[in-house]
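Some notes on the structure that comes next.
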There are 2 protein chains.
Amino acid sequence: MFDSIAIVGATGAVGRLIRQLLEERDFPYKKITFLASARSAGSTITFKGEEHTVVELKPEVFDDIDLAIGSTPDDTAEQFVPWAVERNCVVIDESGFWRMDPKVPLVVPEVNPEAVRDHQGIISSPNCSTTQMVLAMKPLHEAGKITRVIVSTYQATSGAGVKGQSDLIEGSKSFLAGDDYKYEAFAHPIAFNLIPQIGSHKEQGYTSEEMKMVYETQKIFGDDSIKVCPTCVRAPVSNCHSESILVETEKKITAEQARELFAATPGIKVIDDLDTSSYPMPKDCEGSDDTFIGRIREDLSCDNGIAFWCVSDNLRKGAATNAVQIAELLVREAATV
Amino acid sequence: MFDSIAIVGATGAVGRLIRQLLEERDFPYKKITFLASARSAGSTITFKGEEHTVVELKPEVFDDIDLAIGSTPDDTAEQFVPWAVERNCVVIDESGFWRMDPKVPLVVPEVNPEAVRDHQGIISSPNCSTTQMVLAMKPLHEAGKITRVIVSTYQATSGAGVKGQSDLIEGSKSFLAGDDYKYEAFAHPIAFNLIPQIGSHKEQGYTSEEMKMVYETQKIFGDDSIKVCPTCVRAPVSNCHSESILVETEKKITAEQARELFAATPGIKVIDDLDTSSYPMPKDCEGSDDTFIGRIREDLSCDNGIAFWCVSDNLRKGAATNAVQIAELLVREAATV
């Protein structure tokens, strides 16, 4: 176990969930520190019934910390992670900054737990849209070797933070009242609309969010031969990302086999009965740490394809839960050494 | 031209648009009759400044009508279309009932205008989700022969009629106020949610809406070798269907070529500049008869793939506009005989 742990970005939406998960799952530690920017430092957080004062994120604070879980913007992570690593503090980082660094394992514990062993102080947690997809891919890849993935996303506004949420909720209220609303998080109104862009233009007409799904997937499976064609779309949904996924495999997998493979995978729950209109929907998946799969069927357009619908709470498995699971994995690994 | 024309289902949402389009486009006729069920018969409609009384849909009314454009439920179309055809009235039918009948041409005028020539009294207009997709496919198919289409839809509630609209609007108001709302058109709440089912379970885990996209596409192109893998999803958007489409072609088409091909196709407008966050969105496409395409890029997962985003007003090009365009095509064909 780690004696002294910290949450960096403890006052943000994901930071709050990390706190909640550490409490719920009784994560072991002797001392816990809550770190945030100067703006939030000094405020208090109640954790396991005790009041804690939020400490300002500075290099020296890591002198006394063994494990930090960070949920911050990329530029904050770029700055604070080296402070921690230099002081022998292991960092589990939610940001996008370190993910593609060759020295940094990118981990989803159900998919590539072995990758944590090689860490050099930093372990990254993938982007939300990648995490639920690779978890769903894992059993199919083991059974039939995935060669190609075509994915279209329906992503919730919570992925764009507090302002994304208010753009949806306040924007919807204004729209329904016939009033104007000034959108802050998005380039366009999101209420009753769809925005087929998440992130900036990265390369070849694909966005940064889309290229994360390509590169992170290849890194997590350690296999650059897995081809991914992503389309990332922001939808007027508050929380939980949905994905329409088609995978092609070398070896044929039937829909029935896929259903059994998904159902046997820890972290996946299958809800799949079209006849009773049963399938995962964002409204039902919020608050769960699982990834939900339904609409499982064989591709009508190629021999070895499986199509399905995948929904997960992007703030949980897509962020906080995965980070805490990585921390738990490190604790187990340390115990077995 | 046709001397005496009629609109069947004249009081519905699509019927209203058909009336508006006939006015706007100055469709030629000598006499016009507005037909509807007994419930709506007797009400009045103002058309080109004149009041018309809505007439009840009965077999004998077609004695005096040369061309009828029908927008009714499937069971109504099953019943009334033979009444008309027996009386030598040509019917352009929006319903799903006659589309797959081998004697009935299924027509999108920009795609397969030649098909109208073989009609035997009935011409069908495709399902909304098919129409915008085949229009987008047309130039790519001509340039490179399409072998496969993978499509995920983001469909508006207007496709489910007046009750679909109130489920979205009133459901959203109730959700925002924290009140309960009884959904009528959908099996689940649609406000701030996604429903990955449109239509009933048809075959192999696909819905009726999805299988329409498969079979109608093959029929329109007269090519059963075009494979389609569809996922149809209802989104909390009021009007205009969006589709994330990936096509594979025999012959390579570059993104730049695809952009030029789309731009040169009547009925298609290209909005495509990620750097300025320019792409089609439902909120901008409502009220237009065009089909809008953006996010045009080469597939990262196969050599001959083109991915794009396609938005169209499902009540217009997806229904009323296409039917009126078929009628105009018949008028032109009659003039050239």
Side-chain angles (χ1 to χ4, degrees), chain A residues 147-154 168-169 172-173 175-176 187-189 191-197 200-201 204-207 210 214 227-231 233 235-238 242 244 246 248 255 272 274-275 277 279-284 294-302 305 307 309 311, chain B residues 147-154 168-169 172-173 175-176 187-189 191-197 200-201 204-207 210 214 227-231 233 235-238 242 244 246 248 255 272 274-275 277 279-284 294-302 305 307 309 311:
Chain A
T147 55
R148 184 181 184 195
V149 186
I150 295 137
V151 55
S152 294
T153 71
Y154 304 65
L168 177 65
I169 301 301
S172 295
K173 285 179 186 168
F175 180 92
L176 291 166
H188 306 282
F192 306 100
N193 193 30
L194 296 158
I195 305 175
Q197 174 183 11
S200 55
H201 187 184
Q204 301 174 71
Y206 289 82
T207 64
E210 287 161 353
V214 175
K227 302 298 180 204
V228 183
C229 184
T231 304
V233 179
V237 166
S238 167
S242 303
S244 168
L246 173 62
E248 293 178 28
D272 191 24
L274 202 45
D275 294 317
S277 295
Y279 27 70
M281 294 183 290
K283 77 170 184 61
D284 297 330
R295 296 298 322 274
I296 303 161
R297 60 214 195 274
E298 284 161 47
D299 180 9
L300 298 175
S301 68
C302 86
W309 174 253
V311 184
Chain B
T147 54
R148 185 181 183 194
V149 185
I150 294 139
V151 54
S152 294
T153 72
Y154 304 64
L168 177 64
I169 301 303
S172 295
K173 286 180 186 168
F175 180 91
L176 292 166
H188 306 281
F192 306 101
N193 193 30
L194 297 158
I195 305 175
Q197 173 183 13
S200 54
H201 186 183
Q204 300 174 72
Y206 288 82
T207 64
E210 288 162 352
V214 176
K227 303 298 179 202
V228 183
C229 184
T231 303
V233 179
V237 166
S238 167
S242 302
S244 168
L246 172 62
E248 293 179 26
D272 191 23
L274 201 46
D275 293 317
S277 296
Y279 27 71
M281 294 182 288
K283 77 169 186 61
D284 297 330
R295 295 300 321 276
I296 303 161
R297 61 213 194 275
E298 284 160 48
D299 180 8
L300 298 175
S301 68
C302 87
W309 174 253
V311 185

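A, B, ... follow the sequence lines: proteins, then strands. Residue 1 opens every chain.
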Chain A contacts, top residue of B:Gly205, B:Ser242, B:Ala187 (heavy-atom pairs, under 4.5 Å): B:Gly205
Which atom of B:Tyr154 lies closest to which atom of A:Val233, heavy atoms considered: OH-CG2, 3.5 Å
Pairwise side-chain contact, A:Thr207 with B:Arg295, heavy-atom cut-off 4.5 Å (strictly under): yes
When B:Ser244, B:Pro280, B:Pro236, B:Cys302 are compared by non-hydrogen pairs under 4.5 Å with chain A, the top option: B:Pro236
Distance-minimising heavy-atom pair for B:Pro196 and A:Met281: CD-CG, 3.9 Å
Heavy-atom closest pair, residues B:Asn193 and A:Pro282: OD1-CD, 3.2 Å
Under 3.5 Å donor-acceptor, A:Tyr279 side chain and B:Ile195 backbone: no
Side-chain (A:Arg148) to main-chain (B:Ser301) donor-acceptor, under 3.5 angstrom: yes
Segment of B:Glu298 engaging chain A (4.5 angstrom heavy-atom cut-off): backbone
Under 4.5 Å from a heavy atom of chain B, the part of A:Leu246 involved: side chain
Part of A:Val214 within contact of chain B (heavy atom distance under 4.5 Å): side chain
Residues that A:Thr147 engages under side-chain contact (heavy atoms from CB on, under 4.5 Å), provided they are two or more places apart: A:Glu248, A:Glu250
Closest non-hydrogen atom pair, A:Lys283 against B:Pro189: CE-CD, 3.3 Å
Shortest non-hydrogen contact between A:Val237 and B:Leu194, atoms and distance: CG2-CG, 3.8 Å
Note, A:Ser172 side chain near B:Leu176 side chain (heavy atom, < 4.5 Å): yes
Between CZ on residue A:Phe192 and CG on residue B:Leu168, distance to nearest 0.5 Å: 5.0 Å
Most chain B-contacting option - heavy-atom pairs closer than 4.5 Å, from A:Gln197, A:Gln204, A:Glu210, A:Lys227: A:Gln197
Where B:His188 and A:Ser277 come nearest, the two heavy atoms and their spacing: NE2-O, 2.8 Å
